[in-house]
Amino acid sequence: MMALSDRTQGYVFLLTTMCIWGGFTLTARLNALWNISAWDIVALRFSLAFLILMPILLYRKEAAFLLKKEPFILAMIGGVIYCLFAYSAFHYAPTAHAAIFLNGCIPICTAIMAFFLMGQAFDKHTWASLIIMIVVLCIMSLLMYQETGVAFGAGDGLFFISAILWAIFTVLLRKYQLTAWQAMSGVAIWSAVVYVPVYLLFLPKNLSVPEPQHLLFQTIFHGVFVVIIATLSYVEAIKRLGAFKAGSITNLAPFIAAILAVPLLNEALSLAMICGLVGMAIGALQPWRWIGRKDSLEAQLAAQKKQS
């Protein structure tokens, strides 16, 4: 059986991440509907991940890398701070807003941060995506103002800050060259070590209000699937496809989730939201790059058949 190429492996990891991230968008909104606060879900998700990962690291005698600065920095940016902003935003804005102002803005922010942190210049496709996304955001904000009298809300601002944080995290992942296992374990463990004691001592708790089954479901999904599985697959996708491409394609999942939220969560889609979803999805996917590739792909398949 022929081994998969690095590129094909990258897309497999992307698909895995997309499924979980789409679920993250829907379940994070459910946190707000189920009265699970951002303080609580962040503590629950990292506590469970810590209980799973720390014994494995100690058993394998691989915990020494945690003493380096890189895992700590990644945990603070892409773990604690990002999660607090993102989960809080879902209490102020619906799923479609998350797809646009969080996931839609991540490619823009990632390209900008890659330029500042790694000196990675914009190619013509990146420029085209950035222009499309900026124009779409401007048009959408105008439509939102006409519909509601407010262009942007508090939730939108929190989502955008989250996009900046995740963009920095994405670029630093590539810069630091940690293994997928080290990146995932470092983020989960350091986030728990820093955040959970602060949460237990100083932050408000609301664990008695939600239904126990809701807390259990969210803890398992966000503590295992989001923290562990999605982080591993996302890091591997970045290594094989690059930060901008991985971030752009993977972020299509929340756009799909925003559409699913209409029947599943009874959320409405206004003209402004539809415009934003379509425009930001086009900018993220860059469909023009696939035009004219049919012949080249068929040629590659024919060549593979001859070799087999």
Side-chain angles (χ1 to χ4, degrees), residues 13 17 21 24 38-39 41-88 102 106-107 109-121 158 160-203 222-224 226-244 246-247 250:
F13 286 120
T17 310
W21 278 16
F24 168 84
W39 307 115
I41 190 60
V42 173
L44 291 171
R45 98 179 223 164
F46 287 124
S47 295
L48 178 59
F50 178 89
L51 293 175
I52 294 172
L53 295 172
M54 196 65 202
I56 296 175
L57 284 178
L58 294 175
Y59 175 77
R60 297 172 60 174
K61 299 180 180 179
E62 295 178 349
F65 79 92
L66 292 173
L67 299 179
K68 298 180 180 180
K69 64 178 182 180
E70 289 83 1
F72 178 81
I73 293 173
L74 290 174
M76 295 303 99
I77 296 174
V80 174
I81 302 175
Y82 166 79
C83 287
L84 288 175
F85 273 97
Y87 284 122
S88 297
L102 172 57
I106 282 178
C109 298
T110 301
I112 294 173
M113 292 304 164
F115 173 77
F116 283 112
L117 297 177
M118 298 184 66
Q120 182 176 321
L158 292 173
F160 185 70
I161 294 173
S162 303
I164 296 173
L165 292 168
W166 191 259
I168 297 172
F169 173 74
T170 298
V171 175
L172 289 179
L173 274 176
R174 192 176 185 186
K175 182 178 181 180
Y176 290 157
Q177 292 295 305
L178 296 175
T179 66
W181 172 255
Q182 288 176 334
M184 179 270 297
S185 301
V187 169
I189 290 172
W190 269 118
S191 294
V193 169
V194 172
Y195 177 75
V196 173
V198 175
Y199 166 78
L200 293 175
L201 293 174
F202 304 109
L203 298 179
H222 291 270
V224 177
V226 176
V227 174
I228 299 176
I229 299 175
T231 303
L232 285 171
S233 59
Y234 185 60
V235 171
E236 292 297 338
I238 289 174
K239 288 183 178 180
R240 289 162 173 79
L241 300 175
F244 182 79
T250 308

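Residues: numbered from 1 along the sequence shown.
Taking the side chain as every heavy atom from C-beta outward, Arg60 and Trp181 approach each other to under 4.5 Å. Within the 4.5 Å cutoff, the side chain of Leu102 has no heavy atoms near those of the Phe160 side chain. No side-chain heavy atom of Ile77 sits less than 4.5 Å from a side-chain heavy atom of Ile81. Annotation: side chain of Leu173 is not in contact with side chain of Leu178 (no heavy-atom distance under 4.5 Å). Side-chain contact between Leu66 and Phe72: absent, with no pair of heavy atoms (C-beta onward) separated by less than 4.5 Å.
Of all non-hydrogen atoms in Ala163 and Cys109, the two that sit nearest each other are O-CB, 3.9 Å. Between Ala192 and Phe50, the shortest heavy-atom distance links the atoms CB-CB, 3.7 Å. Minimum heavy-atom separation, Ser88 to Ala38: OG-CB, 3.4 Å. Contact between Val227 and Met184 at its shortest, heavy atoms only, is O-CG, 3.4 Å. The nearest pair of heavy atoms linking Phe65 to Gln182 is CE1-O, 3.2 Å. Residues Ile106 and Ala167 come closest through the heavy atom pair O-CB, 4.3 Å.
For an aromatic pair to be called close, the ring centres must be under 6.0 Å apart, and Phe46 with His222 fails this. Close placement of the Tyr87 and Phe24 rings is indicated, their centers lying within 6.0 Å of each other.
A salt bridge does not link Lys68 with Glu70: none of the charged nitrogens is closer than 4.0 Å to a carboxylate oxygen.
The backbone N or O of Pro71 sits nowhere less than 3.5 Å from a side-chain atom of Trp190 that would complete a donor-acceptor pair. Without hydrogens or angle criteria, Tyr195 side chain to Trp39 main chain gives a donor-acceptor distance under 3.5 Å.
Between atom CD of residue Glu236 and atom CZ of residue Phe13 there is a gap of 5.0 Å, rounded to the nearest 0.5 Å. Put simply, OG1 on Thr110 and CD1 on Ile164 are 10.5 Å apart, with the number rounded to the nearest 0.5 Å. Remark: Leu203 CG to Leu84 CG distance equals 8.0 Å, nearest 0.5 Å. From Cys83, atom SG reaches atom CG of Leu165 across 10.0 Å, with rounding to the nearest 0.5 Å. Taken from CD in Glu62 to OG in Ser185, the straight-line distance is 8.0 Å, to the nearest 0.5 Å. To the nearest 0.5 Å, the span separating CD1 on Ile168 from CD1 on Ile112 amounts to 11.0 Å.
The only member of Leu53, Val187, Leu48 that meets side-chain contact (heavy atoms from CB on, under 4.5 Å) when paired with Ile228 is Leu53.
Residue Tyr199 places its OH atom among more than 12 non-hydrogen atoms of other residues, nucleotides or ligands, all under 6.0 Å distant.
Judged by distance alone, the side chains of Ser233 and Thr17 do bring a donor and an acceptor atom under 3.5 Å apart.
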side-chain contact (heavy atoms from CB on, under 4.5 Å) evaluation trace for Val171 with Phe116: CA-CA 10 Å; Val171 175; Phe116 283 112; over 6 Å; no
